[in-house]
There are 2 protein chains.
Amino acid sequence: MCQTLSVRDDLQDLPVLLLSAARALVDGIDTGVRARGFTDLRPAHGFAFVRLSGTGATVGELAEHLEITKQAASQMADELVNKGYVERRPHPSDARARLLVLTAKGVACTRAADAAAEETLRPWAEALPAGQLAALRAALLRLATPGRIRPTW
Amino acid sequence: MCQTLSVRDDLQDLPVLLLSAARALVDGIDTGVRARGFTDLRPAHGFAFVRLSGTGATVGELAEHLEITKQAASQMADELVNKGYVERRPHPSDARARLLVLTAKGVACTRAADAAAEETLRPWAEALPAGQLAALRAALLRLATPGRIRPTW
DNA sequence: CAGATTTAGTCAAGTAGGTTGACTAGATAG
DNA sequence: CTATCTAGTCAACCTACTTGACTAAATCTG
């Protein structure tokens, strides 16, 4: 019962802590990406890049990933095309659809984001006792809803 | 060096994991709050409630906490007043300012949010090995920027 | 203590990023 | 082959924010 109380106490401020940590991470990545010269992007675009990197995606798939309408996703795609991060290609197997693919600049930007993320997290991870990082990953993995990254609030 | 590689690997997907966990938590709280009858609020309002609970706050203080302009904070305050969660009182020591305070309904709502948060996190916390929860808290505490909760992306 | 400056809050207008609804061109099912 | 469904876009609108202008109260200064 004492154990139960302690769990309850630890639970108390965990929401604030978790949100604050997420916020700190996003701020860190955003700062690092800007410092690397990509000043015309905001964190929201990063969530799109996650889906587009690799084989690319259609507007509909991007919309689903971001949990917004196809119209909004199409608008964001326009913006990323205009800024040179994304290219619209004909879809190989469906003439209605078009494949959104990262340009070289887009790929460079994702590399910058990865570097910024590591830069943000490494000192923090290294300050943790041995093995804690893996444990933390495992714990977060349990709580996380796979695929749902983008906050909607 | 093998150690370094392992840290690097664990770091790799931590951003996604952390954001996904934060998202799952907010979704859980939102669902729980709605289930308890508060259907006219969105997660964004919760960040305001955090600051208003206790002694209350002025519009300016709320704006600072949410990192938005005073005008936007004032607008949100209007909305919360109209919906019966908040009351505008004369400020005890400054006739220009007005104190925003939670009504009984507002307090009930924060209790509902606390219950929803615990409901969301408890089964997850209980599945963790003994002591992991405290370690997680400590780790998040290091990463977190105090006070900055609300995501801006 | 009188006048100048700062601060708390609001009003009004503009903007960014989403929404719903209507539509076209191409894919797919009967 | 026709009918229906699906990918995407255009247009109008909505909402939560922004910037700018202002009033009233507090505070600073000589």
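Chain letters run A, B, ... following the sequence lines, proteins first and then strands; every chain starts at 1.
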Notebook entry, point to check: Can you check the B/Asp94 CG to C/dT6 C1' distance for me, whole Å?
Noted result: 12 Å
Note to self: Whole angstroms only, please: what is the NE2-C1' distance between B/His91 and C/dG9?
What the structure shows: 13 Å
Next item on the list: For A/Thr58 and for B/Arg96, locate the closest nucleotide of DNA chain D by heavy-atom distance; then report the residue assigned to the nucleotide nearer the 5' terminus.
Entry: A/Thr58
Note to self: Any side-chain N or O of A/Arg88 below 4.0 angstrom from OP1/OP2 of D/dG8?
What the structure shows: no
Next item on the list: Take the angle between the ring planes of B/Phe49 and B/Tyr85 and call it parallel below 30°, perpendicular above 60°, tilted in between.
Entry: perpendicular
Checklist line | Value rounded to 0.5 Å, distance of CG in A/Leu14 from CG in B/Leu141 | finding: 10.5 Å
Note to self: Measure CE/A/Met76 against P/C/dT19 and give the value in whole Å, please.
What the structure shows: 11 Å
Next item on the list: Could you check whether B/Ala72 gets within reach of a base, just the sugar-phosphate, or nothing at all, counting any heavy atom under 4.0 Å?
Entry: base
Margin query: With a cut-off of less than 4.0 Å, is there a side-chain N or O of A/Arg150 near OP1 or OP2 of C/dG17?
Written below: no
Check: Under the 3.5 Å rule, do the base of D/dG8 and the side chain of A/Gln75 count as making a donor-acceptor pair?
Finding: no
Next item on the list: Could you check whether B/Ser74 gets within reach of a base, just the sugar-phosphate, or nothing at all, counting any heavy atom under 4.0 Å?
Entry: sugar-phosphate
Next item on the list: Take the protein atom CG of A/Asp78 and the nucleotide atom C1' of D/dG8, then report the distance between them rounded to whole Å.
Entry: 11 Å
Next item on the list: Any chance you could lay out the side chain to side chain contact (heavy atoms under 4.5 Å, CB included) test for A/Leu133 and A/Trp124, step after step, and finish with the verdict?
Entry: CA-CA 10 Å; A/Leu133 187 60; A/Trp124 169 78; 4.3 Å; yes
Item checked: Upstream residue (5' side of DNA chain C) when A/Lys70 and A/Ser93 are each assigned their closest nucleotide -> A/Lys70
Checklist line | Gap between atoms CZ and C1', on B/Arg89 and C/dA8 respectively (whole Å) | finding: 19 Å
Margin query: The side chain of B/Gln71 is closest to which nucleotide in this list: D/dA26, D/dC17, D/dT19?
Written below: D/dT19
Notebook entry, point to check: Between atom CD1 in B/Ile68 and atom P in D/dT15, what is the gap in whole Å?
Noted result: 17 Å
Check: Starting at CG of B/Leu66 and ending at P of D/dA16, how long is that distance when rounded to a whole Å?
Finding: 14 Å
Note to self: With nearest nucleotide decided by heavy atoms, which residue, A/Thr69 or B/Ala97, maps closer to the 5′ end of DNA chain C?
What the structure shows: B/Ala97
Check: More than 12 non-hydrogen atoms from neighbouring residues, nucleotides or ligands closer than 6.0 Å to CD on B/Glu64, yes or no?
Finding: no
Check: Could a donor-acceptor pair under 3.5 angstrom be found where the side chain of A/Glu67 meets the base of C/dG18?
Finding: no
Next item on the list: Find the distance between CG (A/Leu11) and CG (A/Leu17) and round it off to the nearest 0.5 Å.
Entry: 11.5 Å
Item checked: Separation of atom CZ in B/Arg98 from atom C1' in C/dA8, rounded to whole Å -> 10 Å
